[in-house]
Amino acid sequence: MQTHNLGYPRIGSHRELKRASEQFWAGNITRQQLQETGLAIRQANWLTQQQAGIALIPCNDFSFYDQVLDMSLTVGAIPDRFAPLLETSPSATYPSDLYFAMARGYQQEGLDLKAMEMTKWFDTNYHYIVPEFRADQTFTLSSDKLFTEFDEARQVLGKTPKPMLLGPVSYLLLGKEKDSGFNRLDLLERLLPIYEQILTRLQAQGTDWIQFDEPGLSLNLTQPQQDAFATAYQWLRQRFPTLKFLLASYFECYGDNLNAVIQLPVDCLHLDLVRCPSQLADILQTDFTERPMQLSLGVVDGRNIWINDMNRSQILVQRAIDAVGADRVMIAPSCSLLHVPCDLTLETNGQSLPAEVKQWLAFARQKLAEVATLATLISDPESPEAQAALASNQAALAARSKSARLNRPTVQARVRALTDTDAQRSSPFAQRQTVQREQLNLPLFPTTTIGSFPQTEAIRTNRSKLKKGEQSQADYDQFIETEITEAIRWQEDIGLDVLVHGEFERNDMVEYFGERLDGFAFSANGWVQSYGSRCVKPPILFGDVARSQPMTVRWTQFAQSLTDRPVKGMLTGPVTILQWSFVRDDQPRRDTCLQLALAVRDEVVDLAAAGIRIIQIDEPAIREGLPLRRENWATYLDWAGRAFRVAASGVADTTQIHTHMCYSEFNDIMGAIAALDADVITIETSRSQMELLDAFVDFNYPNEIGPGVYDIHSPSVPTVAEMTGLLHKAMAVLPAHNLWVNPDCGLKTRRWPETAQALTNMVRAAQQIRQQIAEPA
Ligand SMILES: Nc1nc2c(c(=O)[nH]1)N[C@@H](CNc1ccc(C(=O)N[C@@H](CCC(=O)N[C@@H](CCC(=O)N[C@@H](CCC(=O)O)C(=O)O)C(=O)O)C(=O)O)cc1)CN2
Ligand SMILES: [Zn+2]
């Protein structure tokens, strides 16, 4: 029985890659220095995995930005607009200017190249760069990255690594057609020859195993999509009869793709037994046992940070061994470890991460040790070492399940006592709209922002000093007051209608709330890549959640005291807190979500009592939390929607509830979005030129909408005309009196100069539209 790994975090255990990339982009370090940082991280990762006792170690799991973008570059799927950068970016240079231009856009030397689109990687908070395909798309091998990393890994490890490749079918499925009249899967026959070239070179370099990631197999597929997998792998198999193919999907069951999958000519099939333990029995019931195929059992959770239940894993693995024999079984984490932090041993702060909780946790490095221990436990069950490991593992699990820290009977009782009335506003929207209009007295096309203003160097430094004890709480609070005061003055000056306090006091929109709720613990260094150099440190939700005191009232009330205009209270919703935290796995997510909903509800009620008339409950992760398989959608949407409404419905009709969503394809779930019954929803639409609005129009969406009028992900400043153009598009299909004017998302990642210009232009755009309506041409 062999151990292997599907992928290791590449940000570096101290976020070395983040720092180096940002330094490089700022022009402070050279490309070579950045490359050296990348190499050092890869080398450290390979050694860490080898020392943890993993036999088959992946390479090509590193990336300077994103693994899907790497694949686009490798196969030469480079959108035409980037042609000016081709010449200066040879295939031997990684990362090239071309590469970062595709990821982040390029505004230099008179060029203004828009970045490629970014979207969520399945149901994770990781974002990938969406491949763009043309009807006349051609492919050419255009990067040496993968071959270079293979040689590096072999040198470091002293043995053959396992290159990982995003498989051809999932690669196409993850992309988008940029012309009409063709289907991206039709490009398969043009793409496969590039995979052939890749495998030819890898084979010459001496590779043995190749890992093809095909997470598309976790989705509901049409017959032609299923067939594409058969076409691709038969084609490759014919050309490479001796290379060993490991096919990996994860995050879900193979479901109704299973029968097609076991007929693929691959040598090993990976199963995510954390998300879908039942598929082991399913597969053993087929004629799989008679096929010459190995099984890779993903028993260690690659998406969460709890220690493995070794007893349970041992039983699963043993079942497979009994059926097919130990030489046909591999064990591994359930998916790439990209989605968990690097190393628990770096956590030494017993305040934020109590020792008791820490012993329940495993980060990437610890997870590999778990895989290795499991292997020993199975191959040599009587070994004292394995027995000791099992005993301490079971003791930690028992301690967790009995811990007094987990249980808050009053919270559990409150969740049980929730009624349908608690999950519903007092009056229907039309009635609420009337009373809210009367009391808010806003102009047509009210202007607002999504909440955060730039997190400046000064803000980060002050917070960092506070954390290290180099600054007093009083001084920090004073600093935040000044920031808020300036932001309120400035918003009044440029003429915004509904103001925000700016979220200067928040490190992150989820972590901030976690830190203020009971039932959460925190790592100091548990960073996970979100996109590019941006990382998040998901809080650890381990027990029943309770709010012991108000979390946002002080700063919101302070901001409101400075102005007569309404200041919008700013909260993160229960579904998003759930989705962006590491959540306990000992009770259904639904129950945890309702506990979060009650905490947010109490905050909403307190904000309203403090005189806040508009409250935004952000739910950007509601779409991301949607199960990958449609058969599970209704259940999720039902409890997620209920949780939002529980959070929103503790206040009188006069309180206007906003919600905000980004990264959203709503077409399939409009009913659920409408059922949230938010008085106002602000959404991301500008990058798709209001395409997304079609869903709202088709659905006859009844409540108020703020379709984002400019993209905050880019520093370029939108013109007034661009924004009036988009507003006209929106007005053409939706009633003007239901429309708001706002950016796509929060501005925390932007800088002030472009933010000031963009918002000034946005207010002008709204004013122009109002004028046009008042005095039609
Ligand atoms: N959780 C979450 N997921 C999300 C989003 C989001 O806002 N939050 N937005 C969407 C896009 N994703 C994003 C993810 C991260 C960031 C982001 O800006 N992250 C920051 C970190 C934010 C943070 O937690 N900052 C902390 C810690 C800052 C820090 O690193 N401090 C240094 C010290 C700095 C100093 O001494 O000056 C350290 O601890 O080492 C703070 O401000 O307090 C980053 O990578 O730079 C933006 C968007 C989708 N998913
Ligand atoms: Zn957003």
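Annotation: side chain of Leu397 is not in contact with side chain of Trp360 (no heavy-atom distance under 4.5 Å).
Taking the charged nitrogens against the carboxylate oxygens, Lys358 and Glu347 have no contact shorter than 4.0 Å, which rules out a salt bridge. Arg405 has no carboxylate O lying under 4.0 Å from a charged side-chain N of Asp518, or vice versa, which leaves the two without a salt bridge. Taking 4.0 Å as the cut-off between side-chain N and carboxylate O, Asp586 and Arg584 count as a salt-bridged pair. The pair Lys145-Asp70 meets the salt-bridge criterion, with a side-chain N (NZ, NE, NH1 or NH2) lying under 4.0 Å from an Asp/Glu carboxylate O.
Evaluation of the salt bridge (charged side-chain N to carboxylate O under 4.0 Å, His left out) test over residues 265-286, restricted to residues two or more places apart or in two chains, returns Asp123-Arg275, Arg237-Asp267. Screening residues 312-335 for salt bridge (charged side-chain N to carboxylate O under 4.0 Å, His left out), with sequence neighbours left out, gives no hits.
In the model, Lys120 has no side-chain atom that pairs as donor or acceptor with a side-chain atom of Thr124 under 3.5 Å. Checked by atom type, the side-chain pair Gln394/Asp309 shows a donor-acceptor distance below 3.5 Å.
Taking the six-membered ring where the residue is Trp, the centroids of Phe212 and Phe245 are separated by under 6.0 Å.
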Derivation and outcome, side-chain contact (heavy atoms from CB on, under 4.5 Å), residues Gln529 and Leu338
CA-CA 7 Å; Gln529 187 179 18; Leu338 180 67; 3.6 Å; yes
Take Thr207 and Leu199 through the side-chain contact (heavy atoms from CB on, under 4.5 Å) test and state the conclusion after the steps.
CA-CA 9 Å; Thr207 198; Leu199 297 197; over 6 Å; no
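For the pair Lys537 and Trp527, the cation-pi criterion (under 6.0 Å, within 45° of the ring axis) is fulfilled.
A ring-ring contact (aromatic ring centres under 6.0 Å, His included) with Tyr99 is found for exactly one of Phe24, Phe64, Tyr94, namely Tyr94.
Residues passing the side-chain hydrogen bond (donor to acceptor under 3.5 Å, both in side chains) test with Glu22 are Lys18, Ser533, sequence neighbours excluded.
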